[in-house]
Each structure stands twice: as structure tokens, then as C-alpha cells.
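Encoded as C-alpha cells, the structure appears first; notes follow it.
Computed from a predicted structure; not experimentally measured. Quick note on labels: first sequence line is chain A, next is B, and so on, each numbered from 1.
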Amino acid sequence: MSIEAKEEFRPKIVAFCCNWCSYAGADLAGSSRLGYPADVKIIRVPCSCRVNPMFILRAFEKGADGVIMCGCHPGDCHYSTGNYYARRRMTLLFSMLDYIGVENGRTRVEWVSAAEGVKFSTTMNEFVEKIRSLGKNVRLEDLRCRK
Amino acid sequence: MQEVINRAKELLADGTVARVLGWKAGDLPYNPEPAYFESVESLEDFVYNGFCGANLSKYMIEASKLEGKTMVCLKPCDTYSFNQLIKEHRVDRDKAYIVGVGCKGKLDIEKIRKQGVKGIESIKGAEITDEADNLTIQTLYGEKTCSYADAMLERCHVCKGKEHKIYDEIIGESKDTKDADRFTEVARIEAMSPEEKFAFFQKELSKCIRCNACRNVCPACSCRKCVFDSNKFDSAQKANVDSFEEKMFHIIRAFHVAGRCTDCGECSRVCPQGIPLHLFNRKFIKDINEFYGDFQAGEDTEARGPLTDFTFDDVEPGIVGERG
Amino acid sequence: MQRIGVFVCHCGSNIAATVDVKKVAEMTLLEPGVVHAEDYQYMCSEAGQEKIIAAIKEKNLTGVVVCSCSPRMHETTFRKAAEKAGLNPYMVEIANIREHCSWIHKDMEEATEKAVILARAAIAKVNLNAPLKPGESRVTKRALIIGGGIAGIQTALDIADAGYEVDIVEKEPSIGGRMSQLDKTFPTLDCSACILTPKMVEASAHEKIHIHTYSEVEKVSGFVGDFTVDIRKKARYVDMDKCTGCGVCQEKCPSKKAASEFNRGLNTRSAIYTPFAQAIPNVPVIDTENCIKFKTGKCGVCSKVCQAGAIDYTQKDEIITEKYGAIVVATGFDTIKLDNYDEYAYNQSKDVITSLELERIMNAAGPTKGHLERLSDGKAPKEMVFVQCVGSRCSDDRGKPYCSKICCMYTAKHAMLIRDKYPDVNVTVFYIDVRTPGKNFDEFYRRAVEQYGVNYIKGQVGKVIPQPNGKLLVQGSDLLDNKQILKEADMVVLATAIEPNPGVRKIATMLTASIDTNNFLTEAHAKLRPVESPTAGIFLSGVCQGPKDIPETVAQAGAAAVKAIGLLAKDKLMTNPCTAQSDELLCNGCSTCANVCPYGAITYEERQVNDHGIRETRRLAVVNSALCQGCGACTVACPSGAMDLQGFSNRQILAEVDAICQ
Amino acid sequence: MSKEKKQAELIKEISGVNPLKCMKCGKCSATCPAYNEMDIKPHQFVSYVANEDIETLVQSKSLWKCLSCFACVERCPRDVKPGKLIDAARQIVVRQKGQNYLKADEIPELLDPELPQQLLVSAFRRYRR
């Protein structure tokens with residue numbers, strides 16, 4: 001058996017956060033120094049309803065191992081109704097990914113308010129843990145995109 | 001068929017319509033193709049038989065732009081697509097004279113071939129007026145018979161009903177040919193392990209040659225320019241490879257028509273590779289029905305589609321994992 | 001190709017302690033389009049901003065990426081700096097390497113790597129940025145107040161006094177609201193009508209205030225500064241201009257069996273009625289459900305007796321459309337229904353009443369002319385029991401989870417008034433806690449106990465059992481004595497929880513104002529913006545925002561007025577340039593986007609297009625950029641990708657995705 | 001974990017009640033038909049569990065005086081349900097004796113058609129986990 005240290009799996013995780021609640025929640029997690037792994041990279045969108053399923057599939061195609069979308073809690077959307085549409089879209093998309101055999105834990109939606117820094121941090125920790133346990137995304141990645 | 005032709009002649013002659021949208025015989029006995037007829041004489045080529053599966057609703061998008069009315073022949077299930085197109089302002093109701101044509105289930109030549117029938121010369125029993133329960137097929141190797149029901153398209157086994165949802169007049173009788181549950185196959189896949197599901201779709205989708213037939217025939221895929229042909233998402237189509245790309249294409253295609261797809265089954269009918277593409281659309285339909293209540297696109301021209309609607313207590317996306 | 005400058009901030013040691021800022025600057029220089037990169041102690045400082053300005057000028061930068069704190073913190077600062085240097089402010093993007101990186105990671109190498117990736121994503125985005133210009137919209141100098149209770153009246157008066165036109169829409173036939181139903185007010189015990197009616201008169205006489213009673217808001221469109229509102233003025237069947245308010249019609253009306261809403265159904269009124277004597281306007285309405293003329297076609301007594309000829313049975317609902325710059329919601333409250341609280345026997349006994357009903361009983365203009373008596377037999381009560389927290393502070397689905405806030409004080413008031421007027425009546429109050437934060441509030445409550453001998457028992461009532469002898473057996477607990485108490489009472493008064501007016505959810509939906517699970521309207525910020533809705537141009541006044549008493553309501557009404565005045569005082573508003581736009585060559589005209597737009601910002605028009613030589617008329621989506629708030633719901637709903645969001649375009653977000661997943 | 005804490009946790013687990021939700025209104029005691037028979041009153045049950053003094057609770061007379069009429073469960077505005085706590089405390093006593101008197105799986109065999117329905121229901125209520 002090789003004595004070489006096995007390189008730790010460092011997943012690539014994309015988090016779409018709405019500007020008004022979740023991005024602010026992530027800021028709060030930061031200013032409260034509530035850590036989560038550096039594997040998570042946040043993309044700011046105005047609202048969870050801006051997240052096109054195409055963005056999520058594209059992330060996977062380019063080699064992301066997990067994609068999480070965060071938005072305001074239902075009922076609290078800055079644009080009143082955006083997250084309700086996002087909820088339906090993501091439910092259907094996730095169900096479809098599950099249907100074609102993608103491990104269910106690779107996608108997640110979490111509602112995080114601007115006050116929920118703790119929730120943001122715990123959610124990200126959990127999610128990274130989950131992705132680590134699932135391992136590398138091989139079912140959705142386009143191998144030609146691998147560098 | 002003659003009744004439809006006669007009526008078409010009348011409508012053309014009295015100027016009610018400027019053209020007739022129907023089917024004409026193809027080069028083989030089982031591949032009639034959609035066609036316009038602009039004169040009484042040209043109607044000699046008009047056919048309407050069991051192989052006229054093509055849904056003519058989508059042709060009305062272009063026909064709506066033409067001068068004068070178009071008489072369009074729609075089968076009961078085609079009228080759902082037509083309604084959906086009205087809802088999306090893609091066709092002009094006033095430009096269409098809808099003749100609801102009778103339908104007793106449409107035939108799938110592949111189903112006949114799968115029964116070992118080769119070298120087909122002619123087929124009897126496919127005429128719409130025929131009461132025969134069997135098809136009599138003249139082949140190079142002699143006469144074969146096969147039951148009409150066994151030769152039907154998959155979609156006819158899950159027929160939505162014999163009722164035309166929109167029409168100006170109805171010619172001919174229709175029959176409800178439903179004898180199966182349309183979600184059986186979806187449920188069978190859902191019950192598989194992730195590995196099995198992945199293997200199943202990997203196998204099916206790797207057959208895809210990105211010919212776009214599914215997209216071009218689909219009455220819901222009526223975009224002037226498809227996202228897969230535009231630079232808006234850097235998603236313009238690429239060559240066929242055994243990778244994620246086909247899945248991306250088919251998931252997004254199904255997603256774009258989710259809540260709008262009437263389950264007409266044209267995508268699967270025209271796929272040259274025989275990929276059961278309707279399984280994507282049906283999955284969305286099944287989920288929509290389960291999560292948000294039964295919805296049939298094209299039932300009417302008013303109802304809000306499930307993806308442009310919501311309730312305050314919709315299920316959370318986490319349901320997908322919880323359901324197991 | 002853009003010429004991009006990258007500016008990496010140390011934020012003192014906030015960033016530099018965990019992120020190798022020099023390395024970040026160095027690495028970003030390798031990215032496409034980057035022609036300049038530097039780091040500095042404090043980018044947001046005057047000197048830091050100067051560096052950005054200088055670099056933009058010297059190197060002809062077309063785009064700027066600042067790697068610093070959250071864009072929520074300093075995006076505006078850096079955009080302004082860029083603007084000073086002559087660069088379009090929307091060519092600036094922020095990579096958040098503080099809150100999202102240095103503050104949450106400990107390992108320098110890891111944090112630096114992440115900071116580089118975040119910078120790379122921002123660079124990828126800026127590469128696709130285009131200059132944006134905010135639009136301007138005008139402000140209509142007129143305010144709409146929804147609800148004509150004390151909150152609405154006070155807000156209207158304050159706004160009108162500042163010189164702006166104000167319309168009040170009240171759904172009842174008169175303004176006045178709940179306060180007009182109250183008898184006395186705590187903690188001073190002055191008569192409610194005596195302090196309210198002058199305000200009502202003042203509002204109705206104010207030249208800038210226009211009151212629409214018996215009216216409801218039907219439709220709201222538009223946005224801050226420029227709302228268009230349809231108001232339905234329900235048919236009164238009485239001509240407002242002709243009616244003199246003499247009251248003869250009400251007197252002569254033969255149909256007198258309708259339950260009086262104003263008296264909480266404790267007595268009846270005529271079919272043609274004003275809710276109360278001091279109603280404003282003092283013009284009755286005909287309740288068609290009870291009017292004999294409307295039911296059978298025969299009668300017409302009111303018309304015959306009206307000397308002014310004001311009765312008009314043919315009147316129709318009228319819709320008026322008006323433009324407003326600001327809208328204040330002052331829809332108030334009602335008490336909850338007690339159908340789920342069988343244990344208090346409210347539906348079984350007439351002598352179990354709510355506190356609001358007691359207000360009417362105590363009021364000289366009320367159903368008993370102000371005499372305290374049992375509604376079942378008219379007898380004067382000897383034993384009265386008050387039950388606190390009925391339906392308030394309940395975590396089950398029967399009641400409300402919040403404290404209704406006003407009950408402790410009005411119960412002390414009732415107890416005191418009864419003991420004062422009827423010293424022979426024993427008053428017992430069952431309470432869980434007595435909550436009296438407020439000026440002179442606790443003193444008031446102590447007076448009830450010490451001076452008036454009201455018997456306060458700590459413990460809740462479990463059951464009220466009507467007895468065959470007409471009495472009410474009250475079963476409660478005394479937690480301090482650790483006893484179960486059985487008490488015979490003549491009347492039981494329930495301090496019923498209050499809830500926002502049931503119609504408020506519909507109004508909130510029309511206004512796209514957010515509302516919480518209890519149907520209270522949400523503030524823009526719970527502490528710092530308590531009278532504003534998150535939806536711009538919508539302000540909150542009174543109980544629609546949360547339970548409060550009269551002084552608080554009046555204070556908040558004034559605050560809402562000031563906020564509205566602040567808006568109305570402006571001539572123009574700048575609009576967010578990050579709005580949706582439709583590519584006319586891709587648009588199908590299918591209306592899917594319009595279906596999901598929360599602002600009604602998308603309309604359709606038939607327009608001639610030239611699609612690569614094909615000239616045809618097409619149905620196309622058009623975004624009103626003044627209405628669009630930039631949520632992006634339409635961009636995902638659009639199947640062809642025709643709809644895109646400026647500043648957050650599909651390609652920009654995908655570029656970020658690609659940069660992160662690289 | 002101390003023995004007291006363990007027992008309190010067990011009661012919370014069996015009853016599914018969070019005693020911290022109690023706002024000490026006393027409606028449970030107000031409504032209890034067996035109140036006068038009890039040494040520890042229904043509302044006090046909640047604080048005994050919250051204070052982890054289960055020993056006193058299980059020694060009390062009240063434990064066996066509760067009729068399980070569930071009036072307190074029905075009327076509690078805070079979802080605290082003292083009746084369920086009492087039920088859980090009774091179970092603890094039963095279990096302390098070293099055995100479960102009934103296991104859910106064995107019930108069908110033990111069913112006696114002569115047995116009154118009400119007794120059965122009350123047995124289920126008392127002995128189910």
C-alpha cells in the first residue's frame with residue numbers, strides 16, 4: 001500500500017444567493033466569523049427567481065460538484081413573489097435530476113434571511129459535508145470542460 | 001376521408017378558406033406528410049388515414065401569417081396543442097377554420113416492424129372509415145395481419161379522450177383508445193436506483209444525434225429562435241458526443257415546455273433514434289400533477305400554467321429527497 | 001475587449017491577515033482584459049478612491065473590479081468614484097473577499113486561492129458589463145391613505161398640512177374606525193368620541209383632504225412616485241350633494257332588523273343608515289340586502305320622506321382612477337372570531353361578551369344607552385369576570401401567537417369604570433401577566449387594584465359554564481394560591497385577541513407590499529425603517545403593522561406622514577437601471593414573462609421588425625423600465641431567452657459560473 | 001447526564017412536549033376535573049419536568065389521579081399538554097419496574113372480544129411509546 005497521502009477531495013460548490021436576504025445572510029455569517037469551507041463560492045443574483053435551471057446545469061457541466069440556491073423565506077421576497085416561482089422551478093428541476101440518476105444531495109435550496117448568518121453557515125457546512133460524502137460529480141460533468 | 005375532402009372543396013370554393021392544411025400521401029404507404037392544398041384540384045392528393053399522426057397545430061403559426069383563413073385538420077389530441085398556442089398568442093384563432101377530424105388511434109410503423117413485418121407494399125385497415133380491428137399488410141413475403149391496437153402509437157394507448165377541445169366543425173367519429181396508464185413507465189424509472197436511472201438515460205440519450213427533430217415538431221417548442229441556437233446562453237448546439245450535453249439539451253427542452261406540453265407525443269414519434277423523449281415531459285407532468293394539482297395544458301386557453309403560478313404553501317424542493 | 005483594473009483592499013488587517021492581497025493582485029493580472037492591478041490599505045478611503053480614479057484616467061480603464069468588503073457595504077462608494085473619473089458607474093463590480101472569504105477562513109493559502117477565484121468571477125462579469133444609465137421618474141404630489149380610522153386620519157392631516165393633496169379611502173360609510181366605537185380611552189379616561197370627532201371634522205373640512213367613504217381600492221398599478229389607483233365608490237343610493245343629513249329617512253325606514261355593525265351586532269339598525277350619529281360624512285347609505293325596496297320593489301318610504309330628494313335607487317358603483325406618489329396603509333384591525341373557543345361559551349350565552357362589545361354597552365350611544373346590563377335579561381350584573389389573553393399568545397392554530405398589547409390596559413379601564421359607576425358590582429380579572437409598559441400605564445393598573453378594589457387573580461379561565469339559573473359558572477385557576485376557583489358570574493368579558501383587518505392581504509397583494517404570517521404588514525426594517533414597507537412608496541400606519549394603542553398609533557401615523565412627505569417633496573426619482581430587456585428578434589410574444597412579473601411592468605405591442613431581412617409585424621414584449629424592479633423572474637420564464645436582465649445578464653452569470661468552476 | 005436530567009429528557013421524549021413553551025397561564029389547572037384530588041397540580045407538572053424533579057413527580061398522588069380526560073391538552077394555548085407529561089411520568093414508573101407490560105406487537109394476540117373498547121383505547125394511550 002502506498003504511503004502517499006491521499007489528496008483530500010476539494011469539491012467545487014456554487015451558491016446562488018439572492019441580493020436581499022441570503023447574500024446579506026452570508027455577509028452576516030462573515031461579520032459574525034461563522035466559518036464554512038472555502039469550497040463554497042457565492043454568486044450574487046437579484047432574486048432566487050433569477051436563477052435559470054440552465055445556470056445550475058452549466059455549473060455541473062463545467063465541473064461543479066454541488067449547487068445550492070438560497071433565497072428569502074417564502075413570503076419575504078423583496079420582489080414579493082420571486083421565490084415562489086423559484087421554488088416551483090427548482091422543485092421540478094431537482095426532481096428531474098433525480099429522475100435521470102443524479103445523486104439527490106448535489107442540489108439544494110435553502111431559504112436564508114438577512115438575519116440568519118448562523119443558518120447560512122450551518123447550511124454551507126452541511127452542504128459541503130454532503131458533497132464530500134457524495135464525492136466528485138461524474139454524472140453531469142462534461143469531460144471536455146475538465147482542465 | 002372523402003367527407004373531409006368534400007368539405008375542404010366547398011370551403012375553398014366558397015372562399016371561406018384560402019388553403020387547406022392536411023396530409024398528402026408520401027412515397028411509402030405509411031408515411032403521409034403534412035401538406036397545404038390551395039386549389040380544389042390539388043385536393044386529389046389529400047389523404048387521411050391511420051398513419052396521419054402528425055400534429056398540424058404548429059403549422060398554424062406560419063399559416064396565421066398568411067393571407068386569408070386556413071382550414072386545418074386537427075385530431076382530438078391536436079386541439080390541446082392548438083389551445084396552448086392560442087394561449088401563447090402564437091396562432092391566430094381567426095385565421096383558422098378548424099375541422100375536427102375523427103380519430104380511432106394512430107399507427108406506428110415501428111410497432112408493425114417490430115412484429116417482424118418487413119418489405120411492406122400496402123396496408124389495409126388503416127383507413128379511418130375502416131371498422132376492422134386488424135391491419136392486413138401486403139409484403140414482399142406475403143400477407144401478414146396484425147391487430148390495430150398493437151400497432152398504435154404509444155400516445156394513443158394513453159389517449160386523452162375523443163373530445164375536440166376547439167373546432168369549427170367536426171367530421172367523422174373519434175374513439176377513446178386509452179388502455180394504459182401514462183405514468184406507468186415514469187413510475188418504473190422513478191423506482192430505479194440512481195445508478196440504474198443514470199444507466200437508463202445514458203443509454204437512451206447517447207443515441208441522440210442532435211438532429212432537432214423533436215424540437216422542430218414540438219408544438220410547444222415554438223420559439224422563433226431556440227436558446228440552443230442563440231448566443232444568449234453560450235449554449236449553441238455542438239456536435240454529438242457521449243457526454244452531459246445531450247442531457248442538458250433534453251432537460252432544458254423539457255423544462256422549457258413544462259406546464260405547456262400537452263403530452264402530444266410527437267417528440268417520440270419523430271425521433272429517428274427511437275429515444276422515448278416523452279418520458280422527460282411526462283415526468284414533469286407527473287410531478288406537476290402530484291405537487292400542484294392536476295393540470296392538462298391546452299385544456300383551455302385561459303388557465304395559468306403551473307410554472308407561472310404558485311401557492312403560498314407549495315412543496316419545498318427538499319421533497320425530492322424526502323420522497324426517496 | 002475591456003481594459004480592466006483590479007483593486008485589492010487590505011481593509012487594514014481584516015482582509016490582509018488571511019488573504020495574500022499582493023498575490024491576488026498579481027494573479028488577476030493574468031486574467032483576460034486585466035491591464036492594471038494594485039493593492040492598498042483601505043480602498044474605501046479618500047486616498048484609496050483616488051488611486052482608482054487615477055488608474056481609470058491613466059490607463060483608460062473601461063472596467064473596474066474592487067476586491068474588498070461586501071458590495072452591500074461599499075458598492076455605491078466605488079461606483080461614485082468611478083463616475084468621478086468619467087467611467088460609467090455600472091462598469092464596477094465588487095469581489096467580496098472580506099465577508100465571504102477572509103472573515104470566514106483561517107488558512108491563508110485556502111483563503112487566497114478563493115479570493116483569486118472570486119476576483120476572477122468578478123473580472124469575467126465585468127468583461128461582459130455594459131454602461132447603464134438610471135432612468136428618472138416623476139413624483140405625483142398626492143397621497144392615498146387606505147383606511148379612515150385614527151391612523152389614517154392623523155396621517156392624512158399631517159400630509160395635508162404639509163401642503164400635499166390627500167385622498168382617504170374608507171370602506172365603511174363613515175370615517176372614524178375602531179376608535180369611534182370606543183367609550184373611554186386609557187390611561188386618562190377621556191371620552192373617545194370627544195377627542196376623535198374633532199379630528200374627523202378637521203379632516204373632512206381640510207381643503208387638501210378628499211374623503212371617499214363606502215369605497216374600496218380596486219386596483220393598483222405603477223410604482224413609487226407614480227401609482228395609479230382605481231377606487232370603487234360603492235353605490236350609497238343617496239346623493240351626497242343633496243342629502244342634508246336630517247335623519248328622517250332612517251327614522252321612517254320600515255326595515256329595522258339589520259344587525260348594527262357599529263354596535264357589534266348587539267342591536268339593530270334601519271336598512272338606510274349612518275353607522276353612528278357623528279358619522280362623517282353624515283350621509284346615510286342603503287343596505288340593499290335589508291332594504292324592502294331593493295328586495296321586493298315595493299316601499300320607497302325613504303324616497304317619499306326625503307325633502308331634499310336625495311334618494312336615488314338607480315345609483316351604480318363608480319370607479320374613479322387617480323394618480324398618487326405615495327400610499328399609506330392604515331387598514332387597522334378587528335377582533336378575532338371566537339368560534340374555536342367553545343370553552344368560553346361565547347356562542348352559547350349572550351352574557352359572555354367581548355371587550356369591544358362591552359365598549360358599546362358602556363357607551364351612552366350604545367345598545368343599552370350606557371347602562372351596564374346583561375343582554376340576556378336586562379338585569380344589572382353583580383359579579384363580573386374579565387378573562388385576559390383570549391386567543392392571544394396561543395401557539396396552537398386556534399388563536400394568535402402574539403400579544404395583542406392593548407387588552408391589559410383596556411381591561412383595567414373597564415374594571416375601573418365599572419367599579420366607579422357601579423360600586424356594588426364585584427369585578428374579577430383573570431390574568432396571566434399584566435403588561436403595562438407605557439407612560440402612566442402601571443400607575444393606572446395599580447389604581448384599579450388599590451383604589452377601586454378590582455380583584456386580580458393570576459391564572460387563566462379554563463371554562464365558562466352557563467347555569468340553568470342564568471348565571472355563568474367560571475372555572476379558573478389561582479396560581480399564586482394554588483387553588484382552582486369556581487365562581488358564579490353574571491357577565492363574562494373576554495379580552496379577545498386583535499387581528500389585522502381581514503381585507504389587508506388583498507390590499508397587500510395589490511400593493512406588492514410584504515405581509516407576515518399573521519397578516520401584519522412587514523416593515524422595511526424592523527428597527528430602523530418601522531413605518532415603511534419594503535416596497536418603495538408604501539408606508540404603514542397603525543395596527544396594520546402590529547398591535548398598538550391609540551397614542552402609539554397616532555405617533556406612527558405622524559411618522560408615516562413624514563416619510564410620505566419626504567417622498568412627495570421630491571420632484572424626480574432615479575430608477576434602478578438593472579432592469580429587464582427583451583430582444584425583439586427572439587421574443588415570441590407568448591406572455592409567459594408578463595404572467596410572472598410582480599409589477600405589471602411588461603406589456604405587449606404589435607410592432608414591425610426586420611429579422612434578418614424578414615419584415616413582419618410581431619407581438620412583442622415591452623418592459624417599462626420605470627416599473628421594472630429587476631428581479632429577473634421573467635428572464636427564467638422566457639423560453640427563448642429573449643428576456644434578459646441588465647447588470648445580471650445570462651451571459652454575465654454564466655461567465656461567473658464558468659470562472660468559479662474553472 | 002445526571003439521572004434526574006435523563007428522566008426529564010425521557011419524559012420529554014415520550015410526551016413530545018417542550019415544557020419551556022409553557023407561559024404559566026394555569027388554564028390546565030383551571031380546567032382539570034381531578035384538581036382537588038391532586039397534590040401536585042397540572043400546571044406544576046410542567047415546572048417539575050422543566051426543573052428536572054421527576055422523583056417528586058412520580059411519588060405524587062396526582063400521577064394516579066389524572067383521568068387522562070385531556071381537557072388540559074385540548075385547551076392549552078401553548079401546546080404544552082400537561083396531560084401528556086403526566087402520562088409520560090406514569091410510563092416511567094411502569095418501566096422502572098423492569099418491564100413493559102404490553103408490547104405493541106403482542107396486542108393482537110391478547111385481544112379479548114369481551115374487553116370493553118374504552119379500556120383498550122385507554123390502554124393504548126397509556127402504554128404506547
Checklist entry - side chain to side chain contact (heavy atoms under 4.5 Å, CB included) between C:Gln460 and D:Arg75: does it pass, once the steps are laid out? => result CA-CA 11 Å; C:Gln460 183 60 297; D:Arg75 298 197 182 129; over 6 Å; no

Checklist entry - Checking heavy atoms, do the side chain of C:Asp342, its backbone, both or neither come under 4.5 Å from chain D? => result neither

Item to check | Which portion of D:Cys32 sits near chain C, non-hydrogen atoms under 4.5 angstrom | outcome: both

Checklist outcome for this item: Whatever's closer than 4.5 Å to a heavy atom in chain C on D:Gln44 counts as side chain

Checklist outcome for this item: Comparing D:Glu74, D:His43, D:Lys41 against chain C, the one with the most heavy-atom pairs below 4.5 Å turns out to be D:His43

Counting only heavy atoms from other residues, nucleotides and ligands, does the tally under 6.0 Å from [atom1] of [X] exceed 12?
X: D:Lys21; atom1: NZ; value: yes
X: D:Lys12; atom1: NZ; value: yes
X: D:Lys65; atom1: NZ; value: no

Checklist entry - Who wins among C:Ile432, C:Val474, C:Asn482 for the most heavy-atom pairs under 4.5 Å with chain D? => result C:Asn482

Item to check | Separation of D:Cys76 SG from C:Asp396 CG (nearest 0.5 Å) | outcome: 7.5 Å

Item to check | C:Cys394 vs D:Arg78, side chain to side chain contact (heavy atoms under 4.5 Å, CB included): CA-CA, chis, key distance, verdict | outcome: CA-CA 5 Å; C:Cys394 287; D:Arg78 304 290 308 168; 6.0 Å; no

Checklist outcome for this item: When every non-hydrogen atom of C:Tyr344 is compared with those of D:Lys27, the smallest separation belongs to OH-NZ, 2.9 Å

Checklist outcome for this item: Closest non-hydrogen atoms of C:Ser477 and D:Gly26, given as atom of the first, atom of the second and distance, are OG-O, 2.6 Å

Next on the checklist: Quick check against the 3.5 Å criterion: does D:Tyr35 have a side-chain atom that pairs as donor or acceptor with the backbone of C:Lys483?
Outcome noted: yes

Next on the checklist: I want to check something: taking the side chain as every heavy atom from C-beta on, are C:Gln484 and D:Ser29 in contact at a cut-off of under 4.5 Å?
Outcome noted: no

